[in-house]
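Data block below; observations after.
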Amino acid sequence: MTMQPDNSPDEFLFADESASEHADGALSLGAPRIWTVMVIDDDADVHQATRFALEGAVLFERRIQLMHAHSAAQARDLLMTQPDIALVLLDVVMETADAGLQLVDFIRNVSGHRTSRIVLRTGQPGYAPELETLLRYDINDYKTKSELTHHKLITTVAAALRSYDQLCTIEASRRGLELIVQASGAFLEPQGLSNFAAGVITQMAAILGVRPEGLVCAQGERNGGQYRVLAAAGHYAPLIDQPLDALYDQRVSQLLRQCLEEGRSQYGPNESVLYLGVKGGLDMAAFVSSNQVLSEVDCSLLDVFCVNLNACLRNLALVQRLHTEAYVDALLRLPNRTKFIEDINQVIQTGPGGHSVVLVDVDDFASVNDMMGHAYADLLLHAIAHRLKSLLAADIVLARVSGNTFGLLGLADKVAPKRVLAMLQEPLQVAGQPHRISATLGVCHLDDTSSSGADWLKNASIALKQAKRESRGQFVFFSKEMASLARSRAQLLSNLHTAFDQDRLFLAFQPQVDLQTQELIGLEALMRWRGDDGRMVPPDTFIPVAEQSGLIISLGDWVMQTACLTMRRLLAMGMAPRRMAVNVSVVQFQSPGFVERVYAALASADLTGEQLELEITESVAMLGAGVVEPILTTLRERGISVAIDDFGTGYSSLAYLERLPLDRIKIDKAFVYQLSTPGGPRIAEMITQLGNKLGLRVLAEGIEDDATWRALQDMGCHEGQGYFIAKPMETAVLTDWLANRRSLQVAGSGG
Ligand code: C2E
Ligand code: CA
Ligand code: CA
């Protein structure tokens, strides 16, 4: 077990004050600059002799410092307070025969000095410990006290110290590798370049075992060639964000520049410069002053660190790109919806009071896209973004939250909807041409009960949707009632979807008759939905919801097909009236391929156009002559007739109506109900006269009694429908009704 020292004791020097001043570690950085040697012995002479031999001695350029313990108990106390002990010279027999060996166990397992070397000393050869004990406790050497002459002691100590130093080096590199692994993990998190750079300094300093003192600089993104300080620590800290040239220490800036130019790391005696990155891509140099000579282990650790960091840097660049893509709108380079939500969250955290979220929706953007093309529409969006950006205060967040919707976030008065609308009043410049837009706004105030950014954005969109429905070109403020209404609408819509998918919708048919002859001229198909609880959900409730969601297109197609097939069955039964009337909503009418789908429904039921009437509302008529007229003309060329429903409730101009190719006007039941009140018939009369003037048939709905019937007939109204004639009926009831009526007619004509 005896180690043969390879240094001759003749090389040892005794301490010299000036030498020890400069005796900065020629050995590994992990080791202390002095050797702490602990002498544990209950024999005062041994302490004396050891002191004489070692006190002030310099081994491998480090001074030996002795610590003395005269009992195992005293040794325990010292061991607990002294972290760095290179060597323990330990007496085996003290208070008890094995007090020394017990202390070894304490040194290794309690005080945690796993690297410290231990040399056992005993008075008598008989007390030699077992080989197993020597191995188990990693004991270096075992000597009888008589063996430890002055010269031998130094040789033994030298061997032990050398071994300690090697162990320290290994330990340091293990710790370094551990740090590198840890650091790499930390760097994977998307923290941004500056954080990364700051991390490099900290980790580098940790590996070198020095206080963080240094800086990292990197090529600025846009100012080509100009290097900037990304992160700095210690007395370099004030340099953060400065150009490299601002560095007063010419030598350091020279080192950094050289490192960046040559693209490789340099480990000098007093400082290290790490090169990170890919030449030509993002590259950076990290300078850390270490104020000591680096060992080979340190250098190779730094190399490993560098390789790791390069991988991290590549990841970071990737993460940053993903980050940008995740948060920035590609077209306008504005924050996108995700970022906007995060920004709202930020405001919520710092106190949302006084802030508003405003959604700015560009009206009729889809038709700009259709008519002017995508490129033009993109330019329009750019112009809007530019206009808003230039007129809004600098601290307002402007985001693009969807195709034609912008989001604003800021103090309420700075983003007041009237102000925002005013900003968009003047025409924009798009492709050198003035372009006027109209925008609709949904506004919501953040309050202290604010939950999440996503919720507030949703609230603003609820307000926006309502504004789109009812106040286009204006704005609507969000309210709590609005939210609960929206929630129940969403619930209703979801139930309607399910009902539709499960074929739980059906049609009812209401007869339309000639008021003069009482002849059955048509049937109006009306949608019916019996809810899960068996109760009927009124169409006035579910149809608007279906219209808002676009579900009405599928529903409408289904109504069209089902109504046509019913007509076919009635024809087969010899009970069919002249035509079947189907309600068509604006959304449906505008949907691409509408006309084709009408034709397909006719064809699949083998009907002619004359057997179908479409009831459109005034809102359809108001879509604009350019859109409506051609479609109506096409339909009528096929023989399909067109009625304008609920006439008088909308705002269509009479002049405009005159131009539309129509067959029939339906007087809304509200005006029919008024007939019995004083002055009540005026509107019904006016509509009837108008219809007659325009050469259209006039049909009154909502006839509930005989008197109304007669009043309508007297004023020249041709046709009618209402509970007085028949309620809307399911097919089974309808066929009975039709059969009954036919037999009455047969009986009537017969009698
Ligand atoms: P509408 O097109 O004006 O339909 C006439 C409504 O008046 C029907 O209500 C009908 O049941 C009701 N009605 C008819 N005669 C009388 C009467 O004498 N007294 C009273 N109090 N009411 C009478 P319904 O079926 O509840 O439909 C309401 C609205 O729902 C319809 O008004 C129509 O706008 C819409 N709707 C119904 N089915 C469809 C459909 O398949 N597609 C579309 N787009 N809308 C539909
Ligand atoms: Ca109708
Ligand atoms: Ca109506």
Side-chain angles (χ1 to χ4, degrees), residues 496 499-500 505-513 515 522-531 535-567 579-591 594 597-598 601 612-621 641-650 662-676 684 687 697-709 711-712 719-730 733-734 737:
L496 179 58
F500 181 48
L505 300 180
F506 59 96
L507 293 184
F509 300 91
Q510 188 175 36
Q512 300 175 327
V513 299
L515 293 180
L523 289 170
E524 179 180 3
L526 293 159
M527 217 181 317
R528 291 292 175 263
W529 172 20
R530 183 173 285 117
R535 283 217 297 258
M536 300 301 295
V537 186
D540 288 331
T541 309
F542 72 81
I543 292 206
V545 174
E547 281 175 335
Q548 281 156 33
S549 76
L551 177 62
I552 192 70
I553 297 174
S554 328
L555 288 185
D557 285 347
W558 171 81
V559 172
M560 187 79 65
Q561 289 157 12
T562 312
C564 286
L565 289 173
T566 307
M567 185 67 178
R579 53 183 164 71
M580 176 67 78
V582 173
N583 291 286
V584 174
S585 90
V586 198
V587 188
Q588 210 183 335
F589 189 85
Q590 272 181 301
S591 67
F594 169 69
R597 293 201 304 279
V598 173
L612 181 66
E613 176 157 291
L614 301 183
E615 295 193 1
I616 61 171
T617 53
E618 276 178 282
S619 46
V620 173
S641 54
V642 179
I644 193 139
D645 206 354
D646 300 345
F647 190 76
T649 57
L662 297 171
D663 297 278
R664 184 171 274 100
I665 296 183
K666 291 186 78 173
I667 307 176
D668 189 70
K669 53 181 178 286
F671 306 125
V672 175
Y673 296 156
Q674 286 174 10
L675 284 181
S676 53
I687 296 173
R697 302 289 289 172
V698 182
L699 186 149
E701 62 179 21
I703 303 176
E704 295 194 350
D705 51 47
D706 188 34
T708 309
W709 179 312
L712 285 162
E719 300 157 355
Q721 94 190 68
Y723 291 177
F724 182 65
I725 299 149
K727 287 196 168 183
M729 297 167 282
E730 290 181 42
V733 185
L734 173 72
W737 187 86

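Atoms within each ligand, like the ligands themselves, are counted from 1 in listed order. Remember, it's a predicted structure, so these values are computed and weren't measured experimentally.
The atom of Glu615 nearest to the Ca ion (ligand 2) is OE1, with the search restricted to N, O or S atoms. The nearest N/O/S atom of Asp645 to the Ca ion (ligand 2) is OD2. Here the N, O or S atom of Glu524 that is nearest to the Ca ion (ligand 2) is OE2.
Residue contact check for ligand 1: Tyr673 places a non-hydrogen atom closer than 4.0 Å to it. Ligand 1 lies less than 4.0 angstrom from a heavy atom belonging to Gln510. Contact analysis leaves Gly556 out of contact with ligand 1, as no non-hydrogen atom separation drops below 4.0 angstrom.
Of all atoms in ligand 1, numbered sequentially from 1 with element shown, those under 4.0 Å from a heavy atom of Pro539 are 24 (P), 25 (O), 26 (O), 27 (O), 30 (O), 37 (C). Heavy-atom proximity to Val559, at under 4.0 Å, picks out these atoms of ligand 1: 41 (O). Remark: ligand 1 atoms within the under-4.0 Å shell around heavy atoms of Gly722 are 15 (N), 18 (O).
For atom 35 (C) of ligand 1, the choice among Thr708, Ile543, Val584, Val586 with the nearest heavy atom turns out to be Ile543. Residue nearest to atom 3 (O) of ligand 1, selected from Ile703, Asp705, Asp646: Asp646 (by heavy-atom distance). The heavy atom nearest to atom 4 (O) of ligand 1, out of those in Leu526, Asp668, Leu507, is found in Leu526.
When non-hydrogen atoms are compared, ligand 1 lies under 4.0 Å from the side chain of Lys669 (C-beta onward) but not from its backbone. Of the heavy atoms in Lys727, none comes closer than 4.0 Å to ligand 1.
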